[in-house]
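Residue numbering restarts at 1 for every chain, and letters A, B, ... go by the order of the sequence lines.
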Number of protein chains: 2
Amino acid sequence: MSIDVGARLRSVRLIYGLSQRELARRAGVTNGLISLIEQNRVSPSVGSLKKVLDGVPMSLAEFFTINVEETPQIFYGDDELVEIGSDDVSLRLVAARRPARQLTILRERYAPGAATGDDALAHRGEEGGVVIRGRIELTVGGTSRVLGPGEAYYFSSSIPHRFRNVGREPCEIISASAPPTF
Amino acid sequence: MSIDVGARLRSVRLIYGLSQRELARRAGVTNGLISLIEQNRVSPSVGSLKKVLDGVPMSLAEFFTINVEETPQIFYGDDELVEIGSDDVSLRLVAARRPARQLTILRERYAPGAATGDDALAHRGEEGGVVIRGRIELTVGGTSRVLGPGEAYYFSSSIPHRFRNVGREPCEIISASAPPTF
DNA sequence: ACAACCTGTTTAGCATCATGGACGAAATGA
DNA sequence: TCATTTCGTCCATGATGCTAAACAGGTTGT
């Protein structure tokens, strides 16, 4: 549940082949603090954690992104396409069972006339995709464009956006987004 | 230089349309703490920052990844599919011109018999994709499997991996990886 | 054996964070 | 107008992070 900052810090320190004292010296903190953090006996302030990571160097974003356990896991096949959409808009998620994915990959299918909703979507991250079949109208931040098979798109997910199938046949898209939205 | 945790938190809170008190209630902390953090008058412990973000909800990784300035940029269409592959393996990159992408999205085309190379690939991050057409043999960490249209895959890119078209027709895949490899 | 150095851990005390409540300003409603 | 609600900020106090120094165990070298 918790982040296990201690294990993360220990693993990055060892990756860089540093002792607690050496890292402490580079970071301008005490070795004792490194020890306490690695044992999870304190929850460091963001300020001191940043100082520590500056000694490596590594950004806070990277620190919280790295996967410590490194559970090599492979997901294959049709089974991994888990349905999460509605009737008109079918979303199939790749590797849904995998914990802590860095990516959401979807096969999206829009029935003729179907759309992602009346309100535009807006969330963190970036997303993009490629149209496989059919024609889709993509509205991003006020401007619209119709995309056909083979065409692609990419934008910041925080800009309000909406998809709508304006063709007479079903439309299919492969999309990806990071950080994961599902 | 510093991270300006305060401004980040404030912008996140406002994106979600919450007051300091409402966020505090959801997070299980006091409104005063939210106020102090947003003014950068304290450097919150990782533990409390996590509690706060759980109220949104947002991960620490996302929190430190978000770009406060947010340059809205949209990439559309066929133009954005930039060719980067060889003769047998064609890779077209979505939104190649966009700086600092968080995602690599590729349309990959393998001629019959073509492969990603004699040596297996291994790099940081995660990747996945969906087969659109043809049949591809995917080898990840010693085990192989042949995937057909509609099937999907997902794995840690650090595991050595290799793609090979084992069918008689061209194979097409839409893939995504993060962090970006191209 | 012994010293000199390394490792990570522990502890007392001080600095900082986090709480609960009080405060004034601004908006809402009767 | 006056009461009520909600906003963000501020303050005293208790909780916790952080430092400096001591400690125990392991390795190297003389």
A:R25 atom CZ is separated from D:dT19 atom C1', nearest whole Å, by 18 Å
If we only count heavy atoms from C-beta on, is the B:I136 to B:Y153 side-chain gap below 4.5 Å? no
Measure the distance from CD on A:E38 to P on C:dT9 and round it to the nearest whole Å. 7 Å
Within the pair B:Q20 and D:dT9, is there a side-chain N or O less than 4.0 Å away from OP1 or OP2? yes
Nearest to the side chain of B:S19 - D:dT9, C:dT9, D:dC7? D:dC7
Over how many whole Å does the gap from A:I37 atom CD1 to D:dG17 atom C1' extend? 9 Å
Please check this pair: side chain of B:N31 against backbone of B:A24, looking for a donor-acceptor N/O pair closer than 3.5 Å. no
Calculate the interatomic distance between B:L49 atom CG and C:dA18 atom C1'; express it in whole Å. 14 Å
Considering heavy-atom distances to DNA chain C, does B:N31 or B:P44 have its closest nucleotide positioned more toward the 5' end? B:P44
What nucleotide among C:dG8, D:dG8, C:dC17 has an atom nearest to a side-chain atom of B:S43? C:dC17
In whole angstrom, give the distance that lies between atom CG of A:N40 and atom P of C:dT10. 13 Å
Can you measure A:I34 atom CD1 to C:dT9 atom C1' for me and round it to whole angstrom units? 13 Å
Rounded to whole Å, CG of B:L33 lies from P of D:dA15 at a distance of 16 Å
What is the nucleic acid contact for B:S45, judged by heavy atoms within less than 4.0 Å: base, sugar-phosphate only, or nothing? sugar-phosphate
C:dG20, OP1 or OP2 - any side-chain N/O from B:R21 closer than 4.0 Å? no
Would you indicate, yes or no, if D:dA20 has its OP1 or OP2 atom less than 4.0 angstrom from a side-chain nitrogen or oxygen of A:T30? no
Here the distance between atom P of D:dG8 and atom CG of B:L9, to the nearest Å, is 11 Å
So how far is it from A:R10 CZ to A:I37 CD1, rounded to the nearest 0.5 Å? 11.5 Å
Give a yes or no answer on whether the side chain of B:E38 reaches the backbone of B:I34 with a donor-acceptor pair at less than 3.5 Å. no
Output yes when at least one side-chain N/O atom of B:R41 is less than 4.0 Å from OP1 or OP2 of D:dG8, else no. no
Using atom types as modelled and distance alone, determine if a side-chain donor or acceptor of B:R8 lies under 3.5 Å from a backbone N or O of B:F63. yes
Indicate, with a heavy-atom threshold strictly under 4.0 Å, whether B:Q39 touches base, sugar-phosphate, or nothing. sugar-phosphate
